[in-house]
Protein chains: 2
Amino acid sequence: MKMKTLKCHLPTYRLLCDGDVERLHRASMRILSELGIAFEDEEARAILRSHGAKIDRHLVYFDAGLVQKYVSQAPSQFTQLARNPSNNVVIGADRMVLAPVHGPPFLLDHDTGRRRGTLDDLEKFVKLAYLSPYVHHSGGILVEPDDQPVETRHLDVLLAHIRYSDKAFMGSVASAQAAADSVAMAEILFGPDAIRNNPALLSLINPTSPRCYDKDMLASIKVYARARQGLVITPAILAGITGPVTVASSLVQQNAEALAGIALAQMIEPGTPVVYGSALTTVDLQSGTPVFGSPESLLALFASAQLARRYDLPFRAGGALASSKLPDAQAAYESAMLLLSSAIAGTNFVLHAAGCLDNGLVSSYEKFVLDSEILGMLHKLADGLDVSDETLAPETIGRVPPGGHHLATEHTLSHFRDAFYRAELFDYSPREIWKQTGAKNARSRASRQVRRLLANYVAPHFDPVAEKRLTDYVQSRKAELLSS
Amino acid sequence: MKMKTLKCHLPTYRLLCDGDVERLHRASMRILSELGIAFEDEEARAILRSHGAKIDRHLVYFDAGLVQKYVSQAPSQFTQLARNPSNNVVIGADRMVLAPVHGPPFLLDHDTGRRRGTLDDLEKFVKLAYLSPYVHHSGGILVEPDDQPVETRHLDVLLAHIRYSDKAFMGSVASAQAAADSVAMAEILFGPDAIRNNPALLSLINPTSPRCYDKDMLASIKVYARARQGLVITPAILAGITGPVTVASSLVQQNAEALAGIALAQMIEPGTPVVYGSALTTVDLQSGTPVFGSPESLLALFASAQLARRYDLPFRAGGALASSKLPDAQAAYESAMLLLSSAIAGTNFVLHAAGCLDNGLVSSYEKFVLDSEILGMLHKLADGLDVSDETLAPETIGRVPPGGHHLATEHTLSHFRDAFYRAELFDYSPREIWKQTGAKNARSRASRQVRRLLANYVAPHFDPVAEKRLTDYVQSRKAELLSS
């Protein structure tokens with residue numbers, strides 16, 4: 001089905017007054033200038049020093065002017081290339097790009113229960129994301145393919161995205177080599193010049209909160225920034241563990257961490273496309289586990305969106321994150337609260353928009369299609385409310401007498417096709433029909449939907465010459481990596 | 001547990017620009033002056049005529065000035081009395097009062113499945129609402145007690161609220177007699193003078209959309225307005241059936257219907273406490289059934305809140321409404337989207353805030369406690385984000401080295417107790433513990449929670465003299481009603 005664009009016509013929700021946004025900004029400037037951020041890579045520190053940062057062993061100090069100078073060089077929006085140009089995605093402005101779950105080692109399957117993911121699972125998720133008109137991006141590690149060697153896994157993941165989908169995808173941050181392979185494959189697919197003009201990769205950078213960028217993440221920043229590929233720089237703070245227990249203070253830390261990474265990317269290559277990311281959430285203080293969809297995390301999301309806009313940067317947050325271990329009511333409450341908040345906060349890139357369970361440890365096929373229903377609804381919500389002569393239509397109200405009905409009016413007949421979002425999976429059938437078809441709950445219906453979608457999947461056309469070049473590259477790189 | 005107040009510190013979400021709100025207002029003024037509203041009661045029409053409305057058979061026409069004159073006499077906020085004065089509720093301003101599901105004929109029970117409700121079921125729901133610190137109001141017909149005679153059912157319902165709870169409750173609108181009995185019992189409980197100063201009843205008035213108030217509803221408006229009791233005047237439009245298929249046009253119809261009823265109440269008794277209600281939702285155009293939690297219904301909710309504020313009236317909408325027939329993921333997505341929207345729209349009275357399934361046809365014990373978890377979260381969300389020197393605490397960020405943790409900082413120790421909402425029912429346990437305790441899904445945990453709560457229920461103290469007067473009243477009224 002043709003991918004739909006999500007252009008958000010909703011006003012963005014402003015939780016904080018401008019003064020509070022400035023207070024968060026100023027406090028984070030103090031963190032950057034007085035406490036510093038650890039960069040665990042000598043070359044990165046040398047780059048930072050040569051552009052004006054102060055260095056004391058592994059700690060790097062930025063004054064406010066320096067941060068401002070480099071953060072302002074990042075574009076406020078950019079376009080990421082997709083194999084099918086009509087699936088290119090604009091990251092920024094009023095667009096909301098929805099991408100699947102990213103990173104879980106485990107998979108939950110209606111038939112087999114929870115188990116380690118495989119390459120076959122990852123490919124199935126890529127197919128589901130390709131098939132959904134409401135998922136704009138193929139994502140990255142939809143589930144860890146644990147049946148493949150760690151050294152070469154990134155090659156299998158990239159090839160799966162390119163082969164089984166024609167939507168944009170993420171680069172690997174597993175190592176410098178994995179990042180370089182991602183760039184090399186994007187160059188084969190799109191051409192080296194094309195991807196310098198518009199990135200073909202968008203990759204997730206997580207600092208090690210609190211206040212640290214480790215060697216691997218810095219290696220990926222360097223590779224991608226030098227190739228002008230997109231970076232989603234996302235502190236993933238657990239307030240109370242990897243950040244202060246008060247949300248405001250964790251926002252200060254997040255802002256300092258994100259801006260430090262963004263500044264480094266701009267020092268390496270001015271104009272590198274970056275996204276300001278937030279994955280700030282809370283913990284259950286009894287068990288120490290993360291809590292997704294918590295009320296405090298919604299507040300953090302709204303505030304983070306305001307910070308990103310203050311720096312005129314595209315914003316990433318939210319998604320269908322869930323703490324529940326099953327695709328049940330708890331998971332749905334958690335995901336719905338986050339997805340709706342993502343939309344009205346004006347989020348530009350939503351990773352984990354479908355398929356996540358168990359604090360990001362589990363990818364679920366059923367949750368993927370259940371979440372996709374909400375993503376469809378967000379498209380309709382984002383259209384906003386049209387108040388025009390055509391939609392107000394006071395004359396149609398007069399055509400129906402008191403106590404009558406509007407089913408067959410001219411106004412209904414001319415608008416009903418587009419008036420309402422049409423569900424694919426949610427059940428609105430009369431009770432008798434619902435009972436006759438097995439009185440299924442949402443999870444059972446989802447399970448059937450997954451089987452139906454995968455059975456009918458047809459791969460997008462792929463030029464055999466390009467495919468040959470890519471598979472040759474993967475084959476030769478696999479040989480190199482596994483022999484070294 | 002002591003009831004918590006929900007004071008909303010969040011900015012309200014403004015979906016529409018002021019110009020669009022005015023366009024909706026003006027179009028509805030045209031409906032009122034040119035098309036009119038049917039009032040199917042001669043006395044009501046006589047009251048409307050004597051206050052300046054034009055009458056043509058059963059149709060009543062209001063010009064804009066007349067509407068403005070009477071609507072402006074309604075208070076912008078009021079206090080509803082509860083048997084326990086510390087449970088009095090403020091309706092309006094920045095308060096959000098959460099009330100249980102109202103009206104379903106059926107009940108879904110984990111053990112018995114779907115069946116007709118009984119008085120015993122209703123009493124159990126009253127107990128659950130009493131026990132929740134996050135439910136502020138005892139509501140009305142939490143489920144229809146189908147085992148009681150229709151003529152006297154309202155007496156059983158009222159007595160159940162008064163006996164098993166000390167929170168505020170709703171009056172009956174089943175008939176003029178039922179409304180009069182509600183007022184009489186409130187007078188016995190609180191004293192006739194007290195309830196004229198502050199209403200002791202809040203009752204739900206639904207016009208028959210499109211554009212009609214039927215005889216029974218008008219009878220209830222007359223009884224309650226004359227007694228200065230609260231009215232929640234709520235057109236429940238299904239766009240495409242009982243209103244136009246475009247949301248904007250249905251909002252116009254809703255506004256005309258609501259204001260006509262509110263004006264009548266003020267003509268009967270200036271200053272009668274009223275709430276502007278909206279229950280506008282969409283339909284599944286394949287089956288013709290209502291769809292709750294639809295994206296269009298969220299837009300309608302936000303717009304309706306702006307209309308209510310334009311008239312400086314308390315606002316009712318939203319709730320944990322659901323179309324799903326089970327307390328599953330679908331039900332949770334639907335309810336979460338509506339509950340979160342209710343909160344950020346600045347809704348003052350939220351009926352159906354817990355326990356609703358199957359388009360309002362079914363009350364569910366399990367859904368009640370699951371929804372209550374979200375209600376708890378809304379309390380925390382409503383506190384907003386505190387950005388102050390105490391919460392910013394930049395110095396605490398410096399006390400933890402890069403890569404360290406905040407678990408044992410002074411800041412964590414002094415804030416962790418109140419930092420995060422603490423779940424009662426949602427599961428955040430480590431996987432091993434979750435498995436050891438049966439790997440339960442949300443519905444199973446909810447079922448256990450219901451049994452636990454009801455087993456530990458202790459009735460609030462009730463003065464035996466007052467109880468005797470009430471039960472005597474109920475007994476004598478039952479004798480009268482059943483013999484007539």
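Everything numeric here is computed off the predicted structure, so don't read it as measured data. So that the names make sense, note that chain A is the first sequence line, chain B the second, and so on, each numbered from 1.
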Give, as side chain, backbone, both or neither, the part of [X] having an atom under 4.5 angstrom from any heavy atom of chain A.
| X | answer |
| --- | --- |
| E373(B) | neither |
| T12(B) | backbone |
| L251(B) | side chain |
| P210(B) | both |
| D358(B) | side chain |
| A419(B) | both |
| A408(B) | neither |
| I374(B) | side chain |
| L35(B) | side chain |
| T396(B) | side chain |
| I31(B) | side chain |
| L59(B) | side chain |
| D427(B) | both |

Decide if atom CD of E395(B) counts as having more than 12 heavy atoms of other residues, nucleotides or ligands within a radius under 6.0 Å. yes
Looking at E22(A), I want to see if its CD is surrounded by more than 12 non-hydrogen atoms of other residues, nucleotides or ligands under 6.0 Å. yes
Walk me through whether F420(B) and L285(A) qualify under side-chain contact (heavy atoms from CB on, under 4.5 Å). CA-CA 8 Å; F420(B) 308 141; L285(A) 288 160; 3.7 Å; yes
Measuring from [X]:[atom1] to [Y]:[atom2], what's the distance to the nearest 0.5 Å?
| X | Y | atom1 | atom2 | value |
| --- | --- | --- | --- | --- |
| L378(B) | M337(A) | CG | CE | 6.0 Å |
| S249(B) | D386(A) | OG | CG | 11.5 Å |
| S287(A) | Y428(B) | OG | OH | 9.5 Å |
| R445(A) | Q330(B) | CZ | CD | 5.0 Å |
| K325(A) | S429(B) | NZ | OG | 4.0 Å |
| L392(B) | L24(A) | CG | CG | 6.0 Å |

Where does [X] contact chain B at under 4.5 Å (heavy atoms): side chain, backbone, both or neither?
| X | value |
| --- | --- |
| P327(A) | backbone |
| P207(A) | neither |
| A239(A) | both |

Sequence neighbours excluded, every pair satisfying ring-ring contact (aromatic ring centres under 6.0 Å, His included) that has a member inside residues 371-405 of chain A: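 Checked against ring-ring contact (aromatic ring centres under 6.0 Å, His included) - neighbours excluded - the pairs reaching residues 371-405 of chain A are Y134(A)-H379(A), H136(A)-H379(A).
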Find the one option among [options] whose heavy-atom pairs under 4.5 Å with chain A are most numerous.
| options | answer |
| --- | --- |
| G243(B), G384(B), A393(B) | G243(B) |
| A336(B), P244(B), P394(B) | P244(B) |
| S28(B), A329(B), A38(B) | A329(B) |
| M377(B), E334(B), Q286(B), R399(B) | M377(B) |
| I433(B), L370(B), T409(B), I241(B) | I241(B) |
| G288(B), S209(B), G240(B), A27(B) | G240(B) |

Is any side-chain heavy atom of [X] closer than 4.5 Å to a side-chain heavy atom of [Y]?
| X | Y | result |
| --- | --- | --- |
| R211(B) | I397(A) | yes |
| W434(A) | L326(B) | yes |
| P11(A) | L15(B) | yes |
| S341(B) | L340(A) | yes |
| K435(A) | R114(B) | no |

Could you have a look at G404(A), S294(A), S324(A) and say which one has the most heavy-atom pairs with chain B under 4.5 angstrom?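 Among G404(A), S294(A), S324(A), the one with the most close pairs to chain B is G404(A).
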What option among D418(A), T208(A), I344(A) has the most heavy-atom pairs under 4.5 Å with chain B?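 Greatest number of close heavy-atom pairs with chain B: I344(A).
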For residues A248(B) and T391(A), report the shortest heavy-atom separation together with the two atoms involved. CB-OG1, 3.6 Å
Please report the closest heavy-atom contact between G403(A) and C212(B), naming both atoms and the distance.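 It is N-CB, 4.2 Å.
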Which class fits the ring pair F426(A) and Y333(B): parallel under 30°, tilted 30 to 60°, perpendicular over 60°? tilted
From CA spacing to verdict: salt bridge (charged side-chain N to carboxylate O under 4.0 Å, His left out), D328(A), R443(B): CA-CA 8 Å; D328(A) 62 356; R443(B) 187 181 179 183; over 6 Å; no
I would like to know whether H406(B) and V245(A) meet side-chain contact (heavy atoms from CB on, under 4.5 Å); could you show each step before the answer? CA-CA 8 Å; H406(B) 283 258; V245(A) 78; over 6 Å; no
From CA spacing to verdict: side-chain contact (heavy atoms from CB on, under 4.5 Å), Y13(B), L10(A): CA-CA 10 Å; Y13(B) 184 59; L10(A) 301 172; 3.4 Å; yes
